Peer 1: 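Below you'll find the structure I mean.
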Amino acid sequence: MPQIDLPNIAANTPLWLALVTTFVAALSGAILGRQPSRVSYDFVGVAVFAFVLGLGGGITRDVLLGNLPPLALRSPWYVVTVLAAVITVLVVGRWIRVGSWTFILLDALALGLYAVIAAQLAIEFGLPDIGAITVGFLAAVTGGAVVSLMRGETPQILLPSQPYALLAVIGATVYVLLDQFSGGLAALMCLLSVITVRVITVRWDLQTRSVRPLPVDESGDTGEPDAGEPEAR
Amino acid sequence: MPQIDLPNIAANTPLWLALVTTFVAALSGAILGRQPSRVSYDFVGVAVFAFVLGLGGGITRDVLLGNLPPLALRSPWYVVTVLAAVITVLVVGRWIRVGSWTFILLDALALGLYAVIAAQLAIEFGLPDIGAITVGFLAAVTGGAVVSLMRGETPQILLPSQPYALLAVIGATVYVLLDQFSGGLAALMCLLSVITVRVITVRWDLQTRSVRPLPVDESGDTGEPDAGEPEAR
Amino acid sequence: MPQIDLPNIAANTPLWLALVTTFVAALSGAILGRQPSRVSYDFVGVAVFAFVLGLGGGITRDVLLGNLPPLALRSPWYVVTVLAAVITVLVVGRWIRVGSWTFILLDALALGLYAVIAAQLAIEFGLPDIGAITVGFLAAVTGGAVVSLMRGETPQILLPSQPYALLAVIGATVYVLLDQFSGGLAALMCLLSVITVRVITVRWDLQTRSVRPLPVDESGDTGEPDAGEPEAR
């Protein structure tokens, strides 16, 4: 197969694209901080959620790869972008429609970009395909999971819901498989597949199903020291 | 003391042994994902728990030591092993007896191996004994603590319960103290001591005791700005 | 401006000062483990809280900067200091007045030192000013946030309360801005400003205000796939 001549936005992400991604993710985080909930946060809380969602994925990726200090701190623009998102939400937050298609598409684009940039960097650092997919997955979902924990909620990706973690796996897998032919095409297909699957799952409200719990073991077998549940340690 | 000629499984862990360890820990994680609980998880949840318990300890160790990217991502076999554990639990989970002695012994072996491999690597990276014990401890308990947090539970190691964190400290300490004489013997004694203590605590259900809470300070001393509890910040 | 000849305690922190900082923070952590609460912890719990508050900030800083293994593990004294704090709290915990001005001043000093040492190291690692401030902030607040999560509480820094996270930002900012003139003066002014602001906020019980939640969107716009709250992912 001939090399296709598309710019590889995963290997050479233009700064403006990385910052748009960061801005969209940070917006999501700051808006979460202003959702009505059991507790109300102060503006440090809003800013921390924006930071974690905006920069958490990239920092997770760079820590895992040993690419330190993380890119998000080496350039001033990432932190500035997060602060801009925080101010945006504080000032005009009520006009941002998180349920609008515009936001959903931008959010899916951000998810795909996190996954694809992380997978590409992992390949450059010599990881095997399955390691690169894992790094792409972690870069895409860690920020959201940490925000959930700070809000005292179970991370959404663990629960039956519209698939989100799966999108990251699909995106990273598409990229890793196609990258050997053409990095540019791989990045494009990754983003397209993430956005397409996201639109389909939102449009028809497809949900993952819960795994059936194991039956409680009530047999009184001799020699069994403890028939209860395992401890999480 | 003459050098004893045992293979040092901490310094040169055979791949199959590392993978058995990972498999056992990942099994525990995936089974936790299928326990009856307040919420029910989807298969991403089950897989994430398996990943965190199976690979979290090794990744924690490698991040702390700067041994990056972590070993668990540099070889494809670790992720494949975790996926195998996930599929095992999804398909034949009901036949796995987490309370059986077989499982308890394998789990103690996994705990000991995490502690000893991490302590050995820390020594190679030039850490002092007490630093190596700390890394061994963190490698053994971090995965379980993170899973607990994701489940919305207090990590078991912080609560009065059968000692688990202590096993990691004992194991790492035994290894670090004996390693100067013979690495092979040190690794063997570490594993034996962890398994022995684990069996004893399970057999007689020994539990750590809770620390008595401090009395609430009700003195109205002048000049005291705040007599309440400290904040966790 | 001529170079002012003060020793820069951020660039060349005397070991005794670093250990005093660690001791004070670890004391706070261990005391938290003995607060009356929903659950009571065992001594592993008390020790883990002390470790996380005492060493978590420094380890976060070193992981972010790639300064690995972290300083707190490279020297045996940090872990020994934490253990000393744990024993102190277990033995004479009832005599420690966390609400006393002595403790509040020491705690503010610890906060300022975490922020200033981390900011200085970040500058040495080539980060831009805003990256250095971010690292200083994260070094000062991460330990406390993790302890809160392990206790099943919302981290205090996210909630309306006496400003604490802001102190770290102020301290790191003062240091970074003045460091170009004189490192010694910058470190001194950083500590003074943190302690001064802390005393003011405690004395007059100044609190941050909660951010007003966004109105729940109840418009039934056509074409909107989902008007509910965003998911934390």
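Naming convention: chains lettered A, B, ... in sequence-line order (proteins, then strands); numbering from 1 in each chain. Just so we're clear, the structure is a prediction, and the values are computed from it rather than from any experiment.
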Peer 1: Is chain C contacted by the side chain of A:Tyr78, its backbone, both, or neither, given a heavy-atom distance below 4.5 Å?
Peer 2: neither
Peer 1: Between A:Tyr41 and A:Met150, what is the shortest heavy-atom contact and its length?
Peer 2: OH-O, 4.5 Å
Peer 1: Look at A:Pro70, A:Gly33, A:Gly152, A:Ser75 and state which one has the largest set of heavy-atom pairs under 4.5 Å with chain C.
Peer 2: A:Pro70
Peer 1: side-chain contact (heavy atoms from CB on, under 4.5 Å) for A:Leu65 and A:Glu124? Distances and angles first, verdict last.
Peer 2: CA-CA 10 Å; A:Leu65 296 178; A:Glu124 285 174 32; over 6 Å; no
Peer 1: Considering only heavy atoms, which portion of C:Val169 lies under 4.5 Å from any heavy atom of chain A: side chain, backbone, both, or neither?
Peer 2: neither
Peer 1: Looking only at atom types and distance, does a side-chain atom of A:Arg151 sit under 3.5 Å from a main-chain N or O of A:Leu32, one as donor and one as acceptor?
Peer 2: yes
Peer 1: Return the minimal non-hydrogen interatomic distance between C:Phe137 and A:Val48, and the atom names on each side.
Peer 2: CZ-CG2, 4.2 Å
Peer 1: How about residues 172-179 of chain C versus chain A: which residues have heavy atoms under 4.5 Å apart?
Peer 2: none
Peer 1: Checking heavy atoms, do the side chain of A:Leu158, its backbone, both or neither come under 4.5 Å from chain C?
Peer 2: neither
Peer 1: Using modelled atom types only, decide if a donor and an acceptor are shared between the side chain of A:Thr142 and the backbone of A:Ala139 within a distance under 3.5 Å.
Peer 2: no
Peer 1: With A:Arg198 as reference, evaluate A:Ile200, A:Ile195, A:Val202, A:Thr196 under the side chain to side chain contact (heavy atoms under 4.5 Å, CB included) test and give the passing residue.
Peer 2: A:Val202
Peer 1: For each of C:Asn67, C:Thr208, C:Leu127, C:Leu68, tally heavy-atom pairs with chain A at distances under 4.5 Å, and name the one with the top tally.
Peer 2: C:Leu127
Peer 1: When you measure from the side chain of A:Arg34 to the backbone N and O of C:Arg212, does any donor-acceptor pair fall under 3.5 Å?
Peer 2: yes
Peer 1: Under the side-chain contact (heavy atoms from CB on, under 4.5 Å) criterion, do A:Val116 and A:Gln120 qualify, and how do the steps go?
Peer 2: CA-CA 6 Å; A:Val116 77; A:Gln120 166 60 28; 5.8 Å; no
Peer 1: Test C:Phe125 against C:Val135 for side-chain contact (heavy atoms from CB on, under 4.5 Å), laying out the working first.
Peer 2: CA-CA 11 Å; C:Phe125 274 72; C:Val135 172; over 6 Å; no
Peer 1: Can you name the residues of residues 82-93 of chain A that have some heavy atom under 4.5 Å away from a heavy atom in chain C?
Peer 2: A:Leu83, A:Leu90, A:Gly93
Peer 1: Any sub-3.5 Å donor-acceptor pair from A:Thr102's side-chain atoms to A:Ser100's backbone N or O?
Peer 2: no
Peer 1: Apply the side chain to side chain contact (heavy atoms under 4.5 Å, CB included) test between A:Thr81 and each candidate in A:Val20, A:Leu55, A:Thr22; give the one that qualifies.
Peer 2: A:Thr22
Peer 1: After noting the C-alpha distance and the side-chain angles of A:Asp205 and A:Gln162, does the key distance pass the side-chain contact (heavy atoms from CB on, under 4.5 Å) rule?
Peer 2: CA-CA 7 Å; A:Asp205 194 21; A:Gln162 285 175 4; 2.9 Å; yes
Peer 1: Which atoms of C:Leu64 are under 4.5 Å from chain A, going by heavy atoms: the side chain, the backbone, both sets, or neither?
Peer 2: both
